[in-house]
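To start, the structure under review is shown below, and the notes come after it.
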There are 2 protein chains.
Amino acid sequence: MPTPERTSLAAILAAARELLEAGGPAAVTMQAVAARVGVRAPSLYKRVRDRDALLVLVAEATADELAARFAASGSSLADLGRAYRAFAHEHPEGFRLLFAGDAAAERMGLAVQPVLHAAREAVGGEHALDAARLLTAWATGFVSMELAGAFRMGGDIDAAFEYGLERIAAAIGSGR
Amino acid sequence: MPTPERTSLAAILAAARELLEAGGPAAVTMQAVAARVGVRAPSLYKRVRDRDALLVLVAEATADELAARFAASGSSLADLGRAYRAFAHEHPEGFRLLFAGDAAAERMGLAVQPVLHAAREAVGGEHALDAARLLTAWATGFVSMELAGAFRMGGDIDAAFEYGLERIAAAIGSGR
DNA sequence: ACCTGAACACCGTTCAAGT
DNA sequence: ACCTGAACACCGTTCAAGT
């Protein structure tokens, strides 16, 4: 006899993301997620294979949201760089998940497109990939270090980011 | 009545690092560490506060080893960049731990010195910090993305690293 | 002084039984 | 068809008891 669904994958995913940002990966337990969506832990396994799969879904959802943010931001490399950093500040735990595991390429596929486009615009098709990687690697490292508290000595971190952005743009601009 | 010690903090730390590289953070359980040093899990608590503290010790030991590697490598920014990447390839899980949590600055203090020195050499004291951060952020991001499988499209990753190294050096070199 | 078994709380996961 | 309690395996951690 059919029973109405008492939750959904979307609700589970949202609950997991909230718990993640509130308390880090350790806080996203199956029991906590279940409680948040009003169900018992075993029921989650109807929608999600296991906890690891749920975390992968969170990473993918985060990457998709980043892609949407890129689409709504300015389209220069500098604009994209700033949008990337702002996004990381708003979802630090989700951001960390983006480069966990070893399937970053797949889940970042969508988000990478605007960056490649901006790089082509700036430097031409031939070196667009190199340019996109240069900016992306720098921005990813900058934000990772910032989130990890690695910049506690220096003064104005915002200024340091802008300085780097300018330098990277110059490095890219000088063709090759 | 005194009892001879059957293990040591050094042995525990070494066991944790081996388990970490072999199977990721999930593999470093207190039981696995204890088994590896020939003791029962509860005994570990004589030397280590808890599992989190053990992981912090692993991160610190990894940072110290990186500092030693820097000391033994060439002293140009390019040399340090290559040494950094090689180290990350040899200890990918330990490398990931370096920027976990929020105390990266403290544990990286030693390792950062040679980079600051090289930056001062390259660009003078006034902009040394900016230059060091630019290179470090880029290299950190590059390696993180590489380890996360984010570079699966492009061709030669070694060449991409050298290309970036060259570009970053140029960006830094153009004074300010 | 260090080590251990036993115990406790907590978590992930499975599954038979409910509706 | 989905949900649940019960159960199991496993883990972190504490502690009284051993030597």
Side-chain angles (χ1 to χ4, degrees), chain A residues 1-62 93-94 96-97 100-103, chain B residues 1-62 93-94 96-97 100-103:
Chain A
M1 194 166 284
T3 297
E5 313 183 342
R6 237 163 278 185
T7 186
S8 67
L9 181 57
I12 290 167
L13 190 45
R17 295 183 72 184
E18 289 161 9
L19 288 164
L20 176 71
E21 292 302 337
V28 20
T29 67
M30 297 304 267
Q31 318 207 11
V33 171
R36 212 162 222 280
V37 301
V39 104
R40 299 291 187 164
S43 298
L44 300 180
Y45 293 83
K46 282 280 150 179
R47 332 257 174 199
V48 171
R49 189 161 40 83
D50 57 21
R51 184 176 176 273
D52 281 350
L54 177 55
L55 257 11
V56 167
L57 288 177
V58 169
E60 288 171 354
T62 305
E93 297 292 344
R96 281 180 163 111
L97 241 48
D102 60 346
Chain B
M1 194 166 286
T3 297
E5 314 183 341
R6 238 162 279 182
T7 185
S8 67
L9 181 57
I12 290 168
L13 190 45
R17 295 183 72 185
E18 290 161 8
L19 288 165
L20 176 71
E21 293 302 337
V28 19
T29 67
M30 297 304 267
Q31 319 207 13
V33 171
R36 211 161 224 281
V37 301
V39 105
R40 299 291 186 166
S43 298
L44 300 179
Y45 294 83
K46 282 281 151 178
R47 332 257 174 197
V48 171
R49 190 162 41 80
D50 56 22
R51 184 176 177 272
D52 280 350
L54 178 55
L55 256 11
V56 167
L57 289 177
V58 169
E60 288 171 354
T62 304
E93 297 292 345
R96 281 181 163 111
L97 240 47
D102 60 345

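Here the structure is a predicted model, which means the values were calculated and not measured. Letters go in sequence order (proteins before strands), and every chain restarts at 1.
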What nucleic acid atoms does A:S8 come within less than 4.0 Å of, heavy atoms only: base, sugar-phosphate, or nothing?
nothing
Using atom types as modelled and distance alone, determine if a side-chain donor or acceptor of A:R6 lies under 3.5 Å from a backbone N or O of A:V37.
no
Nearest-Å distance, CG (A:L54) to C1' (C:dT13)?
14 Å
Close side-chain approach of A:T62 and A:L97, heavy atoms under 4.5 Å:
no
Grab the CD-C1' distance between B:E5 and C:dT4 for me, whole Å please.
16 Å
What one should report as the nearest heavy-atom pair of B:A53 and B:V48 is CB-CG1, 4.2 Å
Interatomic distance, B:R40 CZ vs C:dC3 P [rounded to whole Å]
13 Å
Does DNA chain D take part in any stems of at least 3 consecutive Watson-Crick or G-U pairs (both distances under 3.5 Å), and if so, which ones?
C:4-8 with D:12-16, C:12-16 with D:4-8
Round to a whole Å and report the spacing from CZ of A:R6 to P of C:dG18.
16 Å
Give me the residues of residues 42-51 of chain B where at least one heavy atom lies under 4.0 Å from an atom of DNA chain D, by number, or none.
B:P42, B:Y45, B:D50, B:R51
Closest non-hydrogen atom pair, A:R47 against A:I12:
CG-CD1, 3.5 Å
Test A:L9 against A:L57 for side chain to side chain contact (heavy atoms under 4.5 Å, CB included), laying out the working first.
CA-CA 10 Å; A:L9 181 57; A:L57 288 177; 4.0 Å; yes
Look at all strands and tell whether A:Q31 reaches a base, only sugar-phosphate, or nothing, counting heavy atoms closer than 4.0 Å.
base
Looking only at non-hydrogen atoms, find the nearest pair between A:A61 and A:L13 and report the distance.
CB-CD2, 4.1 Å
A:V58 and A:V28, any side-chain heavy atoms less than 4.5 Å apart
no
So which pairs with a foot in residues 23-45 of chain A pass side-chain hydrogen bond (donor to acceptor under 3.5 Å, both in side chains), sequence neighbours left out?
A:E18-A:R36
Rounding to a whole Å, what distance do you find between A:M30:CE and C:dC11:C1'?
11 Å
B:E21 and B:E93 have their tightest heavy-atom pair at OE1-N, 3.2 Å
Between P on C:dG12 and CD1 on A:I12, what's the gap in Å once rounded to a whole number?
14 Å
